[in-house]
Number of protein chains: 2
Amino acid sequence: MGPKASEVRTSAPRTPLTRERVLQAASDLADRDGLDALTMRALAESLGVEAMSIYYHLPNKNAILDGVVELTFTEIAAGVQRQGPAQGDAAGWAAAVRERILGARRVLLRHPWAPVVIDQRKSFSPAMVRHVDGIVGIMRGSGMSHDLIHHSLHAIGNRIYGYVQELSDDGQAPPPGQLEQMQSFAPHLAAMLADVAHVDPESTLGWCDDQTEFEFGLDLLLEGIERRRIAEAAARSAPATG
Amino acid sequence: MGPKASEVRTSAPRTPLTRERVLQAASDLADRDGLDALTMRALAESLGVEAMSIYYHLPNKNAILDGVVELTFTEIAAGVQRQGPAQGDAAGWAAAVRERILGARRVLLRHPWAPVVIDQRKSFSPAMVRHVDGIVGIMRGSGMSHDLIHHSLHAIGNRIYGYVQELSDDGQAPPPGQLEQMQSFAPHLAAMLADVAHVDPESTLGWCDDQTEFEFGLDLLLEGIERRRIAEAAARSAPATG
DNA sequence: GAGTACTCCCTTACGTCGTAAGTCTTACGT
DNA sequence: ACGTAAGACTTACGACGTAAGGGAGTACTC
């Protein structure tokens, strides 16, 4: 009567749980409802499953957090163009690094929780390592020393992943009343805010354009590093000044 | 029979709970046992009190987190020297800002939990505002436009408070086995780490000297901002190039 | 084809967290 | 002496991560 038992689902045709399905669901859930909503029970429900079932595929919640970050960086890796700067174009490293970083940022903007998780887990998964490795490779191609590269990585910091933990997250303008109150004990800041707030009222990107700010800071750093690179190269060709 | 009731403690000579005492205890507890140990119950116990008693003086835990950050910045404010750069020393702003930031860092090093709380609460308490205001004031004194100052603040980011959320927190050297494994899929990074790890093996500040890295990145930024300031000043005295 | 083992999901329950709601104690003004 | 109100305590709830073990289904052995 009917097809073989191995070909028919007796009642629920649910696809089996896997590590990948769990992580994808976790990422989706965090995208949709925010990081706080990513609980084991909520995640299980979104998978049509009980909370404890997840533990068969992943050891604990930290593994899930590490996993979704890994997933995100896989997504980032999919978007990079492979060729670096042309041979002999020593100054081209900065543009190449810039593009890699802005590419990462484009993905992170779709996963606003990722920076938070990266920070709190201090994760360092393979896909992240590869991302950094690619950038080190580009820098190395410009002749920079390992030492300078190392310092530069620290200077760029988390910006290498495409984000900065924004101070004051000033997405919305401060309420007018508060600004006057601020005037009494933080006059310089109040004056600046009053001035800057009207620079570009038509901007669709909010009161402060985060993308512009991000690129400004990034370019500041890249510029400085480039100057160090040139100084280093010059010192190599003229070893001692005295 | 003895002194007046108002002068003697009948049994327990415990000092009364206050907002300040609670916050100080919270700060101390986090210093000693880490941020995770800062729970309402543990905090209460360190005060010789029940958990719910705290709620008479502070509305909830977030208020405590905001409070300890505020406390930290009060501590920072106590350590700043008041005079800015000399009159007419436009380039002196960088040194003054640098000192303010490194001063904040000195305090934060005693409160390692503070950066974490600042990030997760995105706090912006009065003492923090004043700290930023002081820096804006110094920059303003050098003739920088509000616009440039604003961009610069974003670029400096949380470094303005004296910290960077370190990527990879490489306080200890990577285990030797892992480095070989890394070699296969992250050759550039592995090469760099192998090279840099031996640069200064006698350093007492750990494998990577965070203070050095912090100052490197800070100086990169200050340098870049100074160049922007000069460019801006030049553009002002020669409004149009064509 | 019966027994066995393994895979995968579920049930129950524990300890910890922040905190809502209400109660008791103490000191003071009258 | 007696309200009264400040300030601490008691109890309890719901959410969290997860330890421990149960049980259905499938597959493999002899």
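Heavy-atom basis, side chains included; hydrogens, waters and symmetry copies ignored. So that the names make sense, note that chain A is the first sequence line, chain B the second, and so on, each numbered from 1.
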request  = Mind running a 4.0 Å heavy-atom check of residues 27-35 of chain B against DNA chain D and sending the residues that fall below it, in number order?
outcome  = none
ask   = Of all the choices, dT19(C), dC9(C), dG17(D), which nucleotide is nearest to the side chain of Lys61(B) once you look at every atom?
value = dT19(C)
message = Need the pair for dT30(C). Rule: Watson-Crick or G-U wobble, both distances under 3.5 Å, any strand; none if unpaired.
response = dA1(D)
request  = Give the rounded distance in Å between these two atoms: CD1 of Ile54(A) and C1' of dT11(C).
outcome  = 15 Å
inquiry  = Looking only at side-chain N and O atoms, does His146(B) offer a donor or acceptor that is under 3.5 Å from a partner on His150(B)?
reply    = no
query = Just checking Ser53(B): base, sugar-phosphate only, or nothing, at a heavy-atom cut-off of under 4.0 Å?
reply = base
task = Tell me which nucleotide among dT10(D), dA6(D), dT19(C) gets nearest to the side chain of Glu50(B).
result = dT10(D)
Minimum-distance nucleotide (side-chain atoms of Met52(B) versus dA8(D), dA20(C), dC9(C)) = dA20(C)
remark   = Picking from dT18(D), dC9(C), dG18(C), the nucleotide nearest the side-chain atoms of Asn60(A) would be dT18(D)
inquiry  = Would you call the rings of Phe216(A) and His151(B) parallel, tilted or perpendicular, taking 30° and 60° as the class edges?
reply    = tilted
ask   = Out of dT19(C), dA8(D), dT18(D), which has the shortest distance to the side chain of Tyr55(B)?
value = dT19(C)
key: OP1 or OP2 of dC9(C) under 4.0 Å from side-chain N/O of His57(A)   = yes
ask   = Tyr56(B) or Ala51(B): which one's nearest nucleotide on DNA chain D is closer to the 5' end?
value = Tyr56(B)
task = Identify which nucleotide among dC16(D), dC9(C), dA8(D) has an atom closest to any side-chain atom of Leu17(B), counting heavy atoms from C-beta outward.
result = dA8(D)
inquiry  = Side chain of Pro16(B) only, heavy atoms from C-beta on: which candidate in dC9(C), dA13(C), dA8(D) is closest?
reply    = dA8(D)
key: Residues in side-chain contact (heavy atoms from CB on, under 4.5 Å) contact with His111(B), at least two apart in sequence or another chain   = Ser27(B), Asp31(B), Thr72(B), Glu75(B), Val107(B), Trp113(B), Ala114(B)
